[in-house]
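Below, read A as the first sequence line, B as the second, and so on, with proteins coming before strands; counting in each chain starts at 1.
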Amino acid sequence: MRCLWRMEYQFRQLEEKWQRRWDASSAHRVNENSGKPKYYCLDMFPYPSGNGLHVGHWRGYTISDVWSRYKKLQGYEVLHPMGWDAFGLPAENYALQQGVHPAKSTAQNIANFKRQLADISAMYDWEREINTSEPEYYKWTQYFFTKMFERGLAYRKKMPINWCPSCKTGLANEEVVDGCCDRCGTEVTKKEMNQWMLKITAYADRLLQDLDTLDWPEKVKRMQSAWIGRSEGAKIWFEIENVEGERIEVFSTRPDTLFGATYMVLAPEHPLVARITTDACKLAVEDYIAQTLKKSAISRQIVDKTKTGAFTGAYAINPANKKRIPIWIADYVLMDYGTGAIMAVPAHDERDYEFAVAFDLPIVEVIRPEGQDEPITNEDGRPPLHVGPGRLVNSPGFDGLTVEEGKREVVAAMAAQGVAEATVTYRMRDWVFARQRYWGEPIPIIYCDDCGPQAVPEDQLPVRLPDVESYQPTGTGESPLAAIESFVNTTCPKCGGPARRETDTMPQWAGSSWYFLRYVDPHNNKQPFSPEAADRWLPVDMYIGGVEHAVLHLLYARFFTKVIHDLGWTRFDEPFQHLFNQGMVTLNGSKMSKSKGNVVNPDDMVRDFGVDALRMYELFVGPPEDDAEWNSNGLEGVSRFLSRAYRLVMQNVDSPAPNRDSLERLRHRFLASLHERMETFRLNTAISAFMEYTNALGAESANGIDKATLETLAITLSPFAPHLGEEIWERLGHRTSVFEATWPTYDEEWLKDDTVEIAVQINGRVRARIEIASDANDESAIRSAKANEDIASWIEGKDIIKELYVPGRLVNLVVRQ
RNA sequence: GCGGUCAUGGCGGAAUUGGCAGACGCGCUAGAUUCAGGUUCUAGUCCGGGCAACCGGGUGGAGGUUCAAGUCCUCUUGACCGCACCA
C-alpha cells in the first residue's frame, strides 16, 4: 500500500500550494497578443462596504469565475477584471457613521474586500484593478461630463426634485423606491433646487428599441421598458375663458374621446393655477394646494386613491365642440408627468369617472361598444364607464369611427386648426445628476460672471476632491465643498477672470456608468481608454450581477455607452450583450444581511471545507437564476464528493489502466451530458453530472482507470475546483497549468448502443421493459413488444386499435377495454 | 388594480421541451468497518397494499386536448416579483 496520507484530500495544503503558484506565475494576466478570440466576462463590481463578503456575494462571483475558466479552456482569451465602485453614498454614510474620513475607510474596506475576494480564487487580473474614487479614474468621468455639457446633454435647471432629508442630498427618480430613499429608507420630500441634469430622455427611444437586440432576462427588459414608459398620443391646447395669451396644454393618449372632455384638471402645482383662479374660489384652491403639499409622496401615490379636488372658478373651451368646461385642480394629476394637466373624459377613464361622480360633473358618452345601439344608463342615472374599444358617438364629423381611426382623424382635424399635435411622452425623466455631498466626483464646471458656466478644459482635469477635515453634509442644499474657499475660488478658463467652481458632486452611479470601458486599458493616462482596445474587447459577452440594478446602473450604463458612441469613441453602442442575474442566497427564508444577523461567513466555510468545496456548493445549491436557501449539509455533500473524486484519482494516477471500451463509453457520455448542461447554464446539474460520472467510475475502479478518464476529470473539474484540477493534472505528469489544456470534446459514436431498453405501454401505462436493437424500425419494435410474455396477458383477447413506436423510448399499444 | 414568474418525495432540486416522474445531493433506515465518537463502505428509501413477483394511486386543485401531460389549453387556489392615479 502506498502512503495513505497521500490518498486523503488535504484541501488546505493543496489550495495554498496552487494559490502560491498562480501568484508567482501571474497566471491570471490577460495576454493581449495571444491571437485567441476574446471573451469578456464581467462581474458587477462591488462598493466596498464595511460588512465584508458573505456566502451570498460569493455566488455571483463564483458563477462568473467558473464561466470565465470554462471559456478559457475553450480557447478564448478571457478578460475577467475586478474593481471598486468606491464613490457615493454608501461609502460616505459608512464613513460618517464610523467617524473616519471616507478616503480612509474606503481604503480599509477595499483591503478587506480584496483579501476576502482572494479566497474565491477567481482568475481576476488584478493588474487591471480600478477604483472609481481615484483621480486617475475620475478625471475621465469628469471628462465625459464636460463632453455632455458641450453637447447640451448636461444642463442646469431649477425645479423641484426628490430630496432625502437623512442623506441631505437630491436624488434621481431611479433612486426613489416607493417614495423612500433607496439607500436609507427615509421618506423623500420635494425641494426646489438649481440642479445639474443629464438629458437621458433624448435617448429614450434608442434605449427602448435597442433592448430588442440584447440577450437579457425578459424581466429586466420589461422593467426598463416600463421605466422608460413610452406612450403615444397628442398634445391638445385649450383656450381659457377670460384669460388672454395663455392656453392649457394637455397630453392625452385618447384624443378620440376629445368630444367627451367635460372638465379639465390641473396638478395643484401647475403654474397656471394662480393665474386663472377666480377670487371667489381662491380660498378653497389655496387651501387645497396647502393640503396637497402636506401629503407626502407616499400617501399621495399609494395609500389614498380617493378623489379630492377644488374648482378654480375658471372655464376652458373644448376645441372640438366649443363647449365651456370647468377647470379643477386635483392631486390625482401629477405635475411630473405629461404636461401636469389633463382633459377629463369621465365616460372613458376610470379616474376621471370617479372624480366626476365625486363632484357631480357631467359624463358624456363618446365611445360605444360594438353591437350596442342605444345609450345605457346606470341606476344612478349616469352613463356607465367604458374604457374598451368601440365606435365614436356624440362626436359630430367623427361618429362611427373606431377608436384607432378616431385617434388619427381627431388629431389630424385639430392639428389643422392649430390646437393639437401628435406626440410621444415618456415616463422617464431626465437624470438629476448633482449631489450635495462630499464623497463624489466634483462636477467640472466653472461659473464666470462674464462668460457664464464653463466646462473645465481637459488639460485642467481632474478637478480634485479637496482633502478636508469636515465633510458632513450641510443640509442647506449646498455641498460641503461650498465652504472651502480655496476650492471654490478659481479663474475662468475662458477669460482668466475670477470665477467660482461648481461645488456639487456626481451621484454614486457616475463611475459605474463606464467602468467596463476602463478595464480594457486601465493605465491609459492620455485617454479614458483606447478605442481600439474597447472595440476589441467590448461589448461584454457575459455580465453577471443581481437584478436590483435593473433600472439604475444598467440603464445609466447603456445611456453613457450610447453617448460615448455618439462622441465617436466606440463602434458599439450597447455595453452588455448578455446579462445574467444570479439569485440571492437566503438563510431562514430571507436575504442575508448583517442587520438581520443571518449571514454565513465564507471565511469559516473555506477554513472547514476548502475553497473548491465552497465554490462547487455555491453552484450546486440550486439553479443559478433562482434564490437558494443556504444549507450547510449540502456543502458537506459536495465536500464528500471532492474527497471521493480525489481518492479515486489518486488510486490510479501512478499506474493508470489501459484504455477500454466501458471507460471510453462512460467518458463520452459524461462529456456530452456536461456539455449540454454547461451550454444551457444549468450549472447545478453540471455538478450532478460529475457525481453521476464518479459514481459510475466507482463501479469500474476494481479494474483500474485509464489516463484519458483521469485527464478528462482534471480538465473538466478545473473551472469548478481549480486547485484540485491543477493538482490532478500535475500528478498526471503535466508541467504546464491545466488551464493551458483544451476542453475535451465527445464523439457521437460513443453515445450509441447496439441495443436499447425501451418501455412497453398498454394504454399509456408501462407494463414491461424490453431490449431491442437501437436501429429497430417501427414494425420490428412493435413485434418485439407484442412478443413479450408480460405484455401477452394484457393484449390477449383484446383489439389493438393503435400501436406506435417512439424510437429509443417506448412502444405504446392502445387496446379497446 | 395592471403586468410577470412559480407550485414536483421528509428537504434542496432533476426530467434532452409532449414520451418510463423523482437524476444528483441532503436527511432517514439497516448492515459492515473503525471504534470513544465522527469518518468510510454496502443496501434500501414517492405514497398505499403484499413475503414476493406485482397491483393501485401520484407533480397545488378542477376540467380539457392527446395513443401519451409535471410539460400544452381553460378555470381555480396559493406564494413571490415588478409597476402602481403615468392621463
message: Whole angstroms only, please: what is the CD1-C1' distance between Ile687(A) and G12(B)?
response: 14 Å
Nearest-nucleotide pick for Met691(A), side chain only, options being C67(B), G25(B), C55(B): G25(B)
query: Would Asp205(A) and Tyr426(A) count as having a side-chain donor-acceptor pair, cut-off 3.5 Å?
result: yes
Trp630(A) and Ser632(A): side chain donor to acceptor below 3.5 Å: yes
- prompt: Is Val806(A) touching bases, backbone alone, or none of the nucleic acid, heavy atoms closer than 4.0 Å?
  reply: base
- request: Measure from the side chain of Arg644(A), starting at C-beta and using heavy atoms only, and say which of A87(B), G56(B), C41(B) lies closest.
  value: C41(B)
- prompt: On RNA chain B, nearest-nucleotide positions of Asn631(A) versus Asp352(A): which is more 5'?
  reply: Asn631(A)
- request: Grab the CH2-P distance between Trp227(A) and C81(B) for me, whole Å please.
  value: 19 Å
- request: Using both distances under 3.5 Å as the test, list the Watson-Crick or G-U wobble partner of A69(B), or none.
  value: none
- request: Rounded to the nearest angstrom, tell me the gap between atom CG in Asp336(A) and atom C1' in C83(B).
  value: 16 Å
task: Report yes if at least one side-chain N or O of Thr425(A) is closer than 4.0 Å to OP1 or OP2 of A87(B); otherwise report no.
output: no
- prompt: Picking from G82(B), A14(B), G27(B), which would you name as closest to the side chain of Asn633(A)?
  reply: G27(B)
Ile801(A) CD1 to A68(B) C1', straight-line distance once rounded to whole Å: 13 Å
field: Of the listed nucleotides G12(B), C85(B), A84(B), the one nearest the side chain of Arg427(A)
entry: A84(B)
- request: Would you indicate, yes or no, if A15(B) has its OP1 or OP2 atom less than 4.0 angstrom from a side-chain nitrogen or oxygen of Arg682(A)?
  value: yes
query: Under a 3.5 Å cut-off for both distances, is G78(B) Watson-Crick or wobble paired, and to whom?
result: C6(B)
- prompt: Going by atom types only, do Thr680(A) and Arg682(A) share a side-chain donor-acceptor pair under 3.5 Å?
  reply: yes
Spacing of the C1' atoms in G22(B) and A14(B) (rounded, Å): 7 Å
- prompt: On a whole-Å scale, what distance lies between the C1' atoms belonging to G70(B) and G9(B)?
  reply: 14 Å
query: Tyr353(A) has an atom OH; how far is it from atom P of C85(B), in whole Å?
result: 22 Å
- request: Report yes if at least one side-chain N or O of Arg809(A) is closer than 4.0 Å to OP1 or OP2 of G18(B); otherwise report no.
  value: no
query: Can you find a side chain N or O atom of Asn684(A) that sits less than 4.0 Å from OP1 or OP2 on G12(B)?
result: no
task: For Glu350(A), answer base if it contacts any base atom (sugar-phosphate contacts may also be present), sugar-phosphate if it contacts only those atoms, and nothing otherwise; contact means non-hydrogen atoms under 4.0 Å.
output: nothing
Nearest-angstrom distance, C1' atom, G49(B) to C11(B): 27 Å
query: Between the side chains of Trp227(A) and Glu174(A), is a donor N or O closer than 3.5 angstrom to an acceptor N or O?
result: yes
task: Tell me what Thr680(A) touches on the nucleic acid: a base, only sugar-phosphate, or nothing, going by heavy atoms under 4.0 Å.
output: nothing
query: Can you find a side-chain donor-acceptor pair between Glu618(A) and Trp58(A) that sits under 3.5 Å?
result: no
Pairing partner (Watson-Crick or G-U wobble, both distances under 3.5 angstrom) of C46(B): G57(B)
- prompt: Mind checking who A84(B) pairs with, Watson-Crick or G-U wobble, both distances under 3.5 Å?
  reply: none
- line: Across every strand shown, the nucleotide meeting Watson-Crick or G-U wobble geometry with A52(B) (both distances under 3.5 Å) is none
query: Any side-chain donor-acceptor pair under 3.5 Å between Thr62(A) and Arg615(A)?
result: no
- prompt: What nucleic acid atoms does Val621(A) come within less than 4.0 Å of, heavy atoms only: base, sugar-phosphate, or nothing?
  reply: sugar-phosphate
- request: Return the nucleotide paired to U34(B): Watson-Crick means purine N1 to pyrimidine N3 with N6-O4 or O6-N4, wobble means G-U with N1-O2 and O6-N3, both under 3.5 Å.
  value: none
- prompt: Which of the following nucleotides, A23(B), A14(B), C67(B), is nearest to the side chain of Pro623(A)?
  reply: A14(B)
task: Check whether any side-chain N or O of Asp747(A) sits under 3.5 Å from a backbone N or O of Trp750(A) as a donor-acceptor pair, and report yes or no.
output: no
message: Looking only at the side chain of Arg222(A) (C-beta and beyond, no hydrogens), which of the listed nucleotides C85(B), G3(B), A14(B) gets closest?
response: G3(B)
- prompt: Using the purine O4'-C1'-N9-C4 or pyrimidine O4'-C1'-N1-C2 torsion, is U77(B) syn (within 90° of 0) or anti?
  reply: anti
query: What integer number of Å spans the P atoms of A68(B) and U76(B)?
result: 26 Å
task: Check every strand shown and say whether Arg230(A) touches a base, only sugar-phosphate, or nothing at a heavy-atom separation below 4.0 Å.
output: nothing
statement: In whole angstroms, the gap separating C1' of G1(B) from NZ of Lys307(A) amounts to 11 Å
field: Parallel, tilted or perpendicular: ring planes of His553(A) versus His549(A), cut at 30 and 60 degrees
entry: perpendicular
message: Give me the distance, rounded to whole Å, that separates A62(B) from C80(B) when you measure between the P atoms they each carry.
response: 24 Å
message: Quick check on the 6.0 Å ring-centre criterion: do Tyr332(A) and Phe355(A) meet it?
response: yes
query: Any chance the side chains of Thr339(A) and Glu249(A) put a donor and an acceptor closer than 3.5 Å?
result: no
task: Check every atom of G56(B), A23(B), C67(B) against the side chain of Val814(A) and return the nucleotide holding the closest atom.
output: C67(B)
- request: Report yes if a side-chain nitrogen or oxygen of Asn695(A) is closer than 4.0 Å to either non-bridging phosphate oxygen (OP1 or OP2) of G25(B); otherwise report no.
  value: yes
task: Can you tell me the distance, in whole Å, between the CG atom of Leu810(A) and the P atom of C67(B)?
output: 15 Å
query: When you compare G48(B) with G10(B), how far apart are their P atoms, in angstrom units rounded to a whole number?
result: 10 Å
task: Take atom C1' in G31(B) and the same atom in G12(B), then report the distance between them in whole Å.
output: 28 Å
- prompt: What about Lys219(A), does its side chain sit under 3.5 Å from the base of C81(B) through a donor-acceptor pair?
  reply: no
message: Roughly how many Å apart are U71(B) and G64(B), using the C1' atom of each and rounding to a whole number?
response: 15 Å
query: Is Arg429(A) touching bases, backbone alone, or none of the nucleic acid, heavy atoms closer than 4.0 Å?
result: nothing
message: Give me syn or anti for G31(B), where syn covers glycosidic angles within 90 degrees of 0.
response: anti
- prompt: So what does Gln761(A) hit on the nucleic acid, given a heavy-atom distance under 4.0 Å: a base, only sugar-phosphate, or nothing?
  reply: base
task: Searching all strands shown, indicate the nucleotide that pairs with G25(B) (Watson-Crick or G-U wobble; both distances under 3.5 Å).
output: C11(B)
message: Taking 4.0 Å as the cut-off, does a side-chain nitrogen or oxygen of Arg647(A) come that near to OP1 or OP2 on U39(B)?
response: no
- request: May I ask which nucleotide in the shown strands pairs with U16(B), Watson-Crick or G-U wobble, both distances under 3.5 Å?
  value: none
- line: 5'-most contact on RNA chain B (nearest-nucleotide basis), Arg765(A) vs Asn812(A), goes to Arg765(A)
task: Rounded off to whole Å, could you give me the CG-to-P distance for the Asp331(A) and A84(B) pair?
output: 17 Å
